[in-house]
Amino acid sequence: MPSNIRVRFAPSPTGKLHVGGARTALFNWAWAKKHGGTFLLRIEDTDEGRSTQEFERAILEGLHWLGLQWDEGPDIGGPFAPYRQTERAARHKELAQKLFAAGWAYRCFCTTERLEKLREEQSKNHLKPEYDGLCRKLAKEEVERRVATGERYVLRFAVPQGETRFLDHVRGDVVFQNKEVDDWVMVRSDGTPTYNFVVVCDDIDMGITHVFRGEEHLVNTPKQVLLYRAFEKPAPEFGHLPLMLGKDGKKLSKRTGDTALQDYREKGYPKDAIINFLCLQGWALNGTTEVFTVDQLVANFEVKDVQKAGAIFDLDKFQWLAGEYIRKEPLAEFAEHCAPFVVAANLATDAELRARWDWYLRVAHGEQERVRTYGELPPRVAYLFGADADFAWEADAEKNAKKHAAARDTLAAYGAWLDERLDAGKKPTDLRDETKAWITERGLKIPALFQPLRCALTGQAGGPDLFEIMELLGVPAVRARIRRGAERLAG
RNA sequence: GGCCCCAUCGUCUAGCCCGGCCUAGGACACCAGGUUUUCAUCCUGGCGACAGGGGUUCGAAUCCCCUUGGGGUCACCA
């Protein structure tokens, strides 16, 4: 379905990719795909020094990782290159001149000190802090004279009277009274343009038809729409997405939890779970389907269906969803995804893991339905990687073991019984039924052996099947741990 | 404070645009059972919301107004 639709994601490289930004990118991308449009990436690096190459690289990398491929962007170019705003400076200057010449902007000589004082007084008198338009009324001659003396000035946009309205896909029609809109600074005294100006220049030049962004930009929109009018260009359609909120109900920030996409990636949340979850913050497939694919998203996503109210970041649900994705993964993939985390936890090197991959697959298999992120695996399986029989026991595990009166004797007796069978060349998994019979014969309940045994073998209160664990541990380690376990339970 | 936006279970949401099918559906979390060698998974059940008040209408979660509450924004940042 060919179309002229063009949307963009335009992050500023002043920090890591925020999950809110990732969601904005995702919605833009999905909507473009749904409507056969073009999705482009533009870097808004017009900040005075807060922008860095490193952040830009990280943002691109994060979007790539999510699978949000752009059709045009700073790295791959495109028909409207360049896609980095600082590289478009000449064009911005030209357009600013054009607006100035047409009388849409005026020179303002007010100093920072005067503006500060002005705002101070305004807020003291409970007035809206805004520019008072002093320089807008300046006589032409005076302006010329002051420019000639080398006085510094900024270019302010001359907001006309009337009202400004625009179509918002999320909120319907939105109207602002122009008298509420400040004569904002378009070009700084050092000659560099500001965000509100640049964004419109670039959106016009790049043929952007729809602007979907966070709600914090809603109040900027009348300024921008006015700019389109000044340029005599049709304004795009907008869509202001609800904010993602922290537990405190305020804009999601570092205070209330992890905000960077990278944080969740490093914790081992599956990529598709992140996408799925981000969608759920503000959008629903149909109200009953919580888990859905990217294809389903693309087939059904509409900005007009996005919730108007902000969404508190629901970490519990996110973790549940991550677990859903993990359990659905084929074992080989799950193991592969966990491997870097195992290595990072220093349990083994990648080479060591590869050398006994079949063993590692069984390790992963045992935990797949117990973890919700890849990062949860290493601490749960650490006991399988050391030969030491004196590893730490978790408090719960020891408590479970000790609540059985004769735990030590039972374990020691079982150890002796097991030794004979292992000597005879039996595999632990072949001894499952015999072990249960052994327990019954001695008039015991199953936990009376299994809990001390689990503690001795793993030091943990829960986990996979004990006989599977014994095979993964290997006969010498099993023997050593049972022996040492019985000793520790005695003391 | 001005302006703008918003308002369904604790949380994410369906329903709202095109009033009746809503004694308001789903999910997470929580609680209680069941399954299990334990933990987890899985299964069953429970708790739990239309912010309040006025209209309009035969009828309102759905339309209108007010109140209250929450958020956003007020830079030579983006």
How is A/F277 classified with respect to the nucleic acid when contacts are heavy atoms under 4.0 Å: base, sugar-phosphate, or nothing?
nothing
With no angle test and no hydrogens, is the base of B/rU41 tied to the side chain of A/R327 by a donor-acceptor pair under 3.5 Å?
no
C1' spacing across the pair B/rU35 / B/rG72, given as an integer number of angstrom:
50 Å
Mind running a 4.0 Å heavy-atom check of residues 365-376 of chain A against RNA chain B and sending the residues that fall below it, in number order?
A/E369, A/R370
Minimum-distance nucleotide (side-chain atoms of A/R171 versus B/rC6, B/rU38, B/rG2):
B/rC6
If the condition is ring pair (Phe, Tyr, Trp, His ring centres under 6.0 Å), which residues does A/H210 pass it with, not counting sequence neighbours?
A/W31, A/H169, A/F212
Taking only N and O in the side chain of A/S123, is any of them less than 4.0 Å away from OP1 or OP2 of B/rG1?
no
Rounded to whole Å, the CG-C1' distance (A/D314 to B/rC30) equals 13 Å
Taking any strand in view, what nucleotide pairs with B/rC3 in a Watson-Crick or G-U wobble way, both distances under 3.5 Å?
B/rG72
When only distance counts, do a donor and an acceptor, one from the side chain of A/T194 and one from the base of B/rC76, lie under 3.5 Å apart?
no
Donor-acceptor contacts under 3.5 Å from residues 437-452 of chain A side chains, at least two apart:
from, atom 1, to, atom 2, distance (Å)
A/T440, OG1, A/K436, O, 2.8
A/Q451, OE1, A/H404, NE2, 2.8

Distance, C1' atom - from B/rA61 to B/rC22, rounded to whole angstrom:
9 Å
Does the protein touch nucleotides 13-22 of chain B at the base, only the backbone, or not at all? Give it as B, S and - per nucleotide, heavy atoms under 4.0 Å.
SS--------
Could you check whether A/E324 gets within reach of a base, just the sugar-phosphate, or nothing at all, counting any heavy atom under 4.0 Å?
sugar-phosphate
Can you name the residues that form a ring pair (Phe, Tyr, Trp, His ring centres under 6.0 Å) with A/Y195, not counting sequence neighbours?
A/H217
Between the protein and nucleotides 66-74 of chain B, list every N/O to N/O distance that falls short of 3.5 Å.
from, atom 1, to, atom 2, distance (Å)
B/rG71, OP1, A/K250, NZ, 3.4
B/rG72, OP1, A/K251, N, 3.3
B/rU73, OP1, A/K251, NZ, 2.7
B/rC74, O2', A/P129, O, 3.1

